[in-house]
Amino acid sequence: MALHLFNTLTRQLDLFDPADPERVGVYACGPTVYGHAHVGNFRAFVFYDLVHRYLEWKGYGVRFVMNLTDVDDKTIRAAFEQGQTLEEYTAPFAEAVLRESDALGIRRMDLYPRATAYVDRMIELVSTLLDRGLAYRTSDGSVFYDISAFPNYGCLSGKDLDQARTGERVAADEYGKDDVRDFALWKAAKPEDRAVGAVWDAPWGEGRPGWHLECSAMGLAEIGDTLDLHLGGEDLIFPHHEGEIAQSEGATGKPFARFWLHVKHLRVEGSKMSKSTGNFIRVKELLDEGFTGAAIRHQLLSVQYRSDLNFTRDGLAASARALRRLLDFDDRLRDHPVGEDVPETALPQLARRASRDFEAAMDQDLNVSGALGAVFVFLKEVNALLDRNERLRMEELDAARRVLQSIDDVLGLIETGRRESGIDEEERASIEAMVAEREAARASRDWARADEIRDDLASRGIVLEDGPEGTRWKRLAGG
RNA sequence: GGCGCCGUGGCCAAGUGGUAAGGCAGAGGACUGCAAAUCCUUUAUCCCCGGUUCGAAUCCGGGCGGCGCCUCCA
């Protein structure tokens, strides 16, 4: 089987066939750290994580880079209003992104470059573009990309630039460019820029980089002239990625990325998420409400990345339930008794089929819904098999455990859910003492006392399960 | 106006030519001291109309409905 991905460049499913499987370079557009990231941002980040994990699962050697944009109009304006430097203002938001990423089980990427650390590279890039006649300077010391000199402009978004509506939002042209469609590579320094320390020296004058430039510079610097994969939100197709292509290819003469993948925006409780209407949710709020990072991860992951996803608290509750089942299943598989002289079962075949179906779905443009379907079929079949067999061969159980583990290496659901059910030793001892007391009460048929203890534990979020092997307890994660 | 996506059971959702995965919720049953967990059973002909085909949720045309992007929002 082979991985096929929907390439925005070709608008079809293409075979993913990197030049060097040992060194696959992936660049993902990260957040602009001018405020707290919201769940919409995290749909993108969880998607990036899925790509990251799946490529490694498929055996590729991956270098994965996600930038943090810490210099642009919004960060400068906000820092200025707060009377802080750019660095002071953006640092907390950058930290929050990583902290909340951790909570959602997003594995750390190889590098999180900050735009401000790559301004030298950006200046080099602009120089090259000026030398090549693809850019021009204006009287105030700004530099613009000359769209008309790059025939491929529009190839990613499929836009016919001649037909683009002009003049609608262009009134805010503060730098005096030749053509409204030309975009800024370099913006001449203004007082606010100086106030927050967002000013760099360039041969054509002091200023700061334009929006698209950072990604070209960091991608070229950290991965190379041609990326294997470039990821981003659907809104970035135009103009951001179009600009990146123009800048990078204009400078190197080589294709900037073989594959472009774009994740669709999510909606919240039925409507578009937008900061202007206050209709956006932060991950931190959800965690404070008692939803777990794993449940949030599940909901963001459960729908394929190019499909509509309506993020709701009801959906989150459903995700929490599904996750609970997955965790229970993992427990059960771990704890199931082993026997020496027990008959063979179909467990290994079920495991092989689950793995195969999982991979087939994921290979088809990362179809997580289909992949989860395979997981739950496996879960149901194996639960039934465990019901029928009190003891199983060690090697069969191991085969099943390996497959579940392997699948979760990609999905990261059990992994994230586990991490959140941590209980310290003191609490553990206290719980186990109460469970033992209840066992004694049950042995003497003192149901009232037994139920009292169970209710007591339930109020602490501990659920009991009486089985033939004794009583087990677990923490019921929120959600 | 330009480009594009989507419409499957109560909710979410897979399936892109051969008679509908899976999750959540609901109902009945088994198990249990009662529960919990688990298992079994149970709920759809795929927005509408027309066409292509031996056969369509799946292809084509039309209609209705929802949504996204179109200069700095992942």
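A, B, ... follow the sequence lines: proteins, then strands. Residue 1 opens every chain.
Residue A:Glu234 has its side chain nearest to B:G68 when only B:G68, B:A74, B:G33 are considered. Looking at the side chain of A:Lys187, the nearest of the listed nucleotides B:A74, B:C72, B:A21 is B:C72. Of the candidates B:A74, B:C5, B:C67, the closest approach to any side-chain atom of A:Lys264 belongs to B:C5. Proximity note for A:Val377 (side chain, C-beta onward) versus B:C67, B:U71, B:G22: the nearest is B:G22. The side chain of A:Tyr34 has B:A74 as its nearest neighbour among B:G22, B:C24, B:A74.
Between A:Phe259 and A:His230, a ring centre-to-centre spacing not shorter than 6.0 Å is recorded.
Side-chain N/O atoms of A:Gln299 and A:Ser319 include no donor and acceptor closer than 3.5 Å. Looking only at atom types and distance, the side chain of A:Glu222 has no donor-acceptor partner in the side chain of A:Tyr27 under 3.5 Å away. Side chains of A:Glu269 and A:Asn310: no donor on one and acceptor on the other come within 3.5 Å.
Judged by closest nucleotide on RNA chain B, A:Arg306 is the one of A:Arg306 and A:Asn310 placed further toward the 5' end. Mapping A:Leu236 and A:Arg11 onto RNA chain B by nearest heavy atom places A:Arg11 at the nucleotide closer to the 5' end.
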Which atom pairs link the protein and nucleotides 36-40 of chain B when you take only N or O atoms and keep those under 3.5 Å?
| unit_1 | atom_1 | unit_2 | atom_2 | d |
| --- | --- | --- | --- | --- |
| B:A36 | N1 | A:Asp466 | O | 3.4 |
| B:A37 | O4' | A:Glu465 | OE2 | 3.4 |
| B:U38 | O3' | A:Asn383 | ND2 | 3.3 |
| B:U38 | O2' | A:Arg332 | NH1 | 3.3 |
| B:U38 | O2' | A:Asp387 | OD1 | 3.2 |
| B:U38 | O2' | A:Asp387 | OD2 | 2.7 |
| B:C39 | OP1 | A:Asn383 | ND2 | 3.4 |
| B:C39 | O4' | A:Asp387 | OD2 | 2.8 |

Tabulate atom names and distances for all N/O pairs under 3.5 angstrom spanning the protein and nucleotides 26-28 of chain B.
none

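Of the residues in residues 447-460 of chain A, A:Trp447, A:Asp451, A:Arg454 come within less than 4.0 Å of RNA chain B through at least one heavy atom, sorted by number.
The number of heavy-atom neighbours closer than 6.0 Å to CD of A:Glu289, taken from other residues, nucleotides and ligands shown, is above 12.
Between A:Gln247 and A:Leu185 the shortest side-chain heavy-atom distance falls below 4.5 Å. Using a 4.5 Å heavy-atom cutoff, the side chains of A:Phe376 and A:Arg325 are in contact. Considering only heavy atoms from C-beta on, A:Thr138 comes within 4.5 Å of A:Tyr136 through its side chain. Residues A:His241 and A:Cys29 meet the side-chain proximity criterion, which asks for heavy atoms closer than 4.5 Å.
Among the protein residues, A:Gly233 comes within range of the sugar-phosphate backbone only, with heavy atoms under 4.0 Å from sugar or phosphate atoms but none that close to a base.
Here the P atom of nucleotide B:G68 and the CG atom of A:Asp308 are 9 Å apart, to the nearest Å. What separates CG of A:Leu411 from P of B:G22 is a distance of 18 Å, to the nearest Å.
Looking at A:Tyr153, A:Trp211, A:Phe183 one by one, the single match for ring-ring contact (aromatic ring centres under 6.0 Å, His included) with A:Tyr145 turns out to be A:Phe183.
The aromatic ring of A:His265 does not stack onto the base of B:G68, failing the criterion of a centre distance under 5.5 Å from the six-membered base ring together with planes under 30° apart.
Look at A:Arg324 and A:Asp328 and you find a salt bridge, because one of the NZ, NE, NH1 or NH2 atoms lies within 4.0 Å of a carboxylate O, short of that distance.
The pairing partner recorded for B:U45 is none, the criterion being a Watson-Crick or G-U wobble arrangement whose two distances lie under 3.5 angstrom.
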